[in-house]
Asker: 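So that we are looking at the same thing, I have put the structure below in structure tokens.
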2 protein chains.
Amino acid sequence: MEKYYQKIKNAPIFYGITDEELDRMLKCFRAYVKSYKSGDIIFRQGEIVSNIYLILDGEVSIEKDSYWGRRMIIQKLYPNNSIGLSLVGSKNVESNVNAVCNSDALVLIFNYEKCSTICHNACLHHNVLIRNLFKILSKENIQLVEKIDNISQKTIRDKLLTYLSNESLKSKTNIIEIPFNRQELADYLNIDRSAMSFELSKLKQEGLINYKKNKFVLKTNI
Amino acid sequence: MEKYYQKIKNAPIFYGITDEELDRMLKCFRAYVKSYKSGDIIFRQGEIVSNIYLILDGEVSIEKDSYWGRRMIIQKLYPNNSIGLSLVGSKNVESNVNAVCNSDALVLIFNYEKCSTICHNACLHHNVLIRNLFKILSKENIQLVEKIDNISQKTIRDKLLTYLSNESLKSKTNIIEIPFNRQELADYLNIDRSAMSFELSKLKQEGLINYKKNKFVLKTNI
DNA sequence: TTATTTTTGTTGTAAAAACAACAGAAATAT
DNA sequence: ATATTTCTGTTGTTTTTACAACAAAAATAA
């Protein structure tokens, strides 16, 4: 456990917390580290989630299975990101998504509720934590609205251009490395992969973008 | 100002706060009430928002204009709902949405930052408030994911059925009154109104649903 | 009440998407 | 190095959608 402290300290969720505090806090939260294999599912649609999961290593995607078996990728998460905040915050709500490991992963797990009922330092810890949770959730909220923006566009072309220019705006550069392969990007934008590939080719031909694998260059600021 | 206290007290954002506390708190936050006319815009895409807006009366919709001029409705908000939480939480972020009054509206406005820097009771107030903000944001988060679920469906039919059954699940009844007219529902689901009307007719003919104006009945539990 | 405006439903047509099937390229395993 | 698997791009066909134009119904104003 202690060997992960350095990693844990860097996570936004524990921002502003001193080393000693962190130590007490993790004990108080009954925190433990669990390792997952690629493909493992951290939690499923329909499960009630009362833990917070902090990714220490690996890649996790938040997905949803449609009634007809199509996969929808909501977002991808990486070390320092945490999962389950909104579920924990709303208490006893069934998860409406799956959290799936895309690679072997290392995850810090702790129970958000336990502390508030058992431990004396509850208030102290909670206040610091909740402040961080609020910040993280607000960012996530903005990201979700951005995703809605991306997938709300009418045509495949518009979805691609909106997605790429949004990414470009965020990174403040017109050279973008996306975390998706083609199939995953299609699942993220809710479009057909082959139709998307076709549209990407057209955009390249027209000189609007260039790309190789998952590296894209936006030629114009659309 | 005082005449609105009863309304203000009922809002989730001030849950668990006593009357005297509320009084001090609102002073501390420099809160004031502003009335808007139908069609007024509370804030626009691109503006930096540092206030929290609590709706006391009226209807406000969170919208986005696409590059091509299409309106996208993200969500509709009503008395007791608050606006701007995620923007305030992320600090100095440009709003990526418009907040538009759909009717004459009454809104409590307060500056979230001001308190933390000026007032002595900052911690006390903030801790209570942030706890509430966290809860509200987590609910909103779940709603946004649900919206993503609705609009991610492949066909117009699937979007309609998913939306209606999600609403049905939430209200735990198969009789639903939706807050949208046809054009607004189309803008919410990002589809063409006439194509949607046509699909609704088909669903009615097939006996899957029934409806009149904005009241819907789900015949089967799809 | 009647006139006017707004909302909703219907239809045909053109555009776009999904789907399927496959070929070539790239990555991985042997 | 070669074989095998995975990923990406291309094409034709079918399905679905958007769009436009209009009719019917409902709501609102005069």
Side-chain angles (χ1 to χ4, degrees), chain A residues 38-39 59 61 66-73 102-104 150-164 177-206 208-217, chain B residues 38-39 59 61 66-73 102-104 150-164 177-206 208-217:
Chain A
S38 178
E59 183 187 283
S61 63
S66 88
Y67 187 77
W68 295 261
R70 280 197 322 141
R71 172 181 72 160
M72 312 184 300
I73 298 180
N102 293 328
S103 67
D104 291 358
N150 292 334
I151 66 176
S152 294
Q153 301 305 317
K154 208 182 49 200
T155 63
I156 291 181
R157 162 178 286 243
D158 293 347
K159 288 185 192 187
L160 285 168
L161 289 176
T162 302
Y163 169 69
L164 290 172
E177 187 165 351
I178 69 173
F180 302 119
N181 64 24
R182 295 290 182 276
Q183 183 61 61
E184 288 173 329
L185 180 58
D187 289 345
Y188 177 83
L189 295 175
N190 298 296
I191 51 183
D192 179 67
R193 182 198 58 77
S194 66
M196 185 188 75
S197 266
F198 183 63
E199 197 63 46
L200 280 173
S201 302
K202 270 209 294 188
L203 288 169
K204 188 193 265 183
Q205 268 180 25
E206 294 172 25
L208 284 166
I209 64 172
N210 202 355
Y211 60 86
K212 195 172 182 183
K213 302 274 328 170
N214 62 338
K215 283 189 183 137
F216 289 76
V217 182
Chain B
S38 177
E59 183 187 283
S61 64
S66 88
Y67 187 77
W68 295 263
R70 279 196 323 140
R71 174 180 70 162
M72 314 186 299
I73 297 180
N102 294 327
S103 67
D104 291 357
N150 293 333
I151 66 177
S152 295
Q153 302 305 317
K154 209 182 49 197
T155 64
I156 290 181
R157 161 178 286 244
D158 294 347
K159 288 184 192 187
L160 285 167
L161 289 175
T162 302
Y163 169 70
L164 290 171
E177 188 166 351
I178 69 172
F180 302 119
N181 65 25
R182 295 290 182 276
Q183 184 61 62
E184 289 174 330
L185 180 58
D187 289 345
Y188 177 82
L189 295 175
N190 297 297
I191 50 183
D192 179 69
R193 182 198 58 77
S194 65
M196 185 189 76
S197 266
F198 182 64
E199 197 64 47
L200 280 173
S201 302
K202 270 210 293 188
L203 288 168
K204 188 193 262 183
Q205 267 179 26
E206 294 172 27
L208 285 166
I209 65 173
N210 202 355
Y211 59 86
K212 195 171 183 185
K213 301 278 323 171
N214 61 338
K215 282 189 183 139
F216 289 77
V217 182

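By convention in this document, chain letters (A, B, ...) are assigned in the order of the sequence lines, proteins followed by strands, and residues within each chain are numbered from 1.
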Asker: Do other residues, nucleotides or ligands put more than 12 heavy atoms under 6.0 Å from the CZ atom of B:Phe198?
Answerer: no
Asker: Using whole Å, what does the distance between atom P of nucleotide D:dT17 and atom CE of B:Met196 come to?
Answerer: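 Nearest whole value for this atom pair: 13 Å.
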Asker: Might you point out which heavy atoms bring A:Phe180 and A:Glu184 nearest each other, and give the distance in Å?
Answerer: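 Looks like CA-OE1, 3.5 Å.
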Asker: Taking for each residue the nucleotide of DNA chain D with the nearest heavy atom, is it A:Lys154 or A:Leu200 whose nucleotide lies nearer the 5' end?
Answerer: A:Leu200
Asker: Using whole Å, report how far CG of B:Asn214 lies from C1' of D:dA26.
Answerer: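 Checked: the CG to C1' distance equals 13 Å.
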Asker: Taking CD from A:Gln183 and P from C:dA26, how many angstroms apart are they, rounded to a whole number?
Answerer: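 Taking atom P of C:dA26 as the reference, CD of A:Gln183 is at 20 Å.
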Asker: Counting only N and O atoms by type, is there a donor-acceptor contact under 3.5 Å from the side chain of B:Asn214 to the main-chain atoms of B:Ile178?
Answerer: yes
Asker: Give me the atom names and distance for the closest heavy-atom approach of A:Tyr163 to A:Pro179.
Answerer: OH-CD, 3.9 Å
Asker: I'd like to check B:Asp158 versus A:Arg70 (side-chain heavy atoms, cut-off strictly below 4.5 Å). Are they in contact?
Answerer: no
Asker: Checking B:Asp187 side chain against B:Met72 main chain: does a donor-acceptor pair fall under 3.5 Å?
Answerer: no
Asker: Taking atom types as they are modelled, would you say the side chain of B:Ser194 forms a donor-acceptor pair with the base of D:dA18 within the 3.5 Å cutoff?
Answerer: no
Asker: Quickly work out the B:Arg157 CZ to D:dT15 P distance and round it to whole Å.
Answerer: 15 Å
Asker: Just how far, in rounded Å, is C1' of C:dT8 from CD of B:Glu184?
Answerer: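 Taking CD of B:Glu184 and C1' of C:dT8, I get 13 Å after rounding.
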Asker: Would you mind reading off the distance between B:Arg182 atom CZ and D:dC19 atom C1', rounded to a whole angstrom?
Answerer: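 Whole-Å distance recorded here is 20 Å.
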Asker: Between P on D:dT8 and CD1 on A:Ile178, what's the gap in Å once rounded to a whole number?
Answerer: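 Distance, rounded to whole Å: 9 Å.
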Asker: From C:dC19, D:dA26, D:dC19, pick the nucleotide closest to the side chain of A:Asp192?
Answerer: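 Within the option list, the nearest is C:dC19.
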Asker: Tell me whether the OP1 or OP2 atom of C:dT8 has a side-chain N or O from B:Arg193 closer than 4.0 Å.
Answerer: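 No, outside the criterion.
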Asker: By nearest nucleotide on DNA chain C, pick out whichever of A:Ile156 and A:Lys212 is the more 5' one.
Answerer: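 Comparing both residues, the 5'-ward one is A:Ile156.
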Asker: Given C:dT8, is OP1 or OP2 found less than 4.0 Å from the side-chain N or O atoms of B:Lys213?
Answerer: yes
Asker: Rounded off to whole Å, could you give me the CG-to-P distance for the B:Leu189 and D:dT16 pair?
Answerer: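 Distance check: B:Leu189 CG to D:dT16 P gives 18 Å.
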Asker: So does B:Lys213 get a backbone contact from the side chain of B:Arg182, meaning a donor-acceptor N/O pair under 3.5 Å?
Answerer: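 Yes, because the side chain of B:Arg182 sits within donor-acceptor range (under 3.5 Å) of the backbone of B:Lys213.
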Asker: Under 4.0 Å, heavy atoms only, any strand: does A:Thr155 hit a base, just the sugar-phosphate, or nothing?
Answerer: sugar-phosphate
Asker: Determine to 10° how strongly the helix from C:dT1-D:dA30 to C:dT30-D:dA1 is bent, judged from the axes of its five-pair ends.
Answerer: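 Taking five pairs per end, the axes differ by 50°.
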Asker: Nearest to the side chain of A:Ser201, which nucleotide is it out of C:dG9, D:dT10, D:dT8?
Answerer: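 From the listed options, D:dT10 comes nearest.
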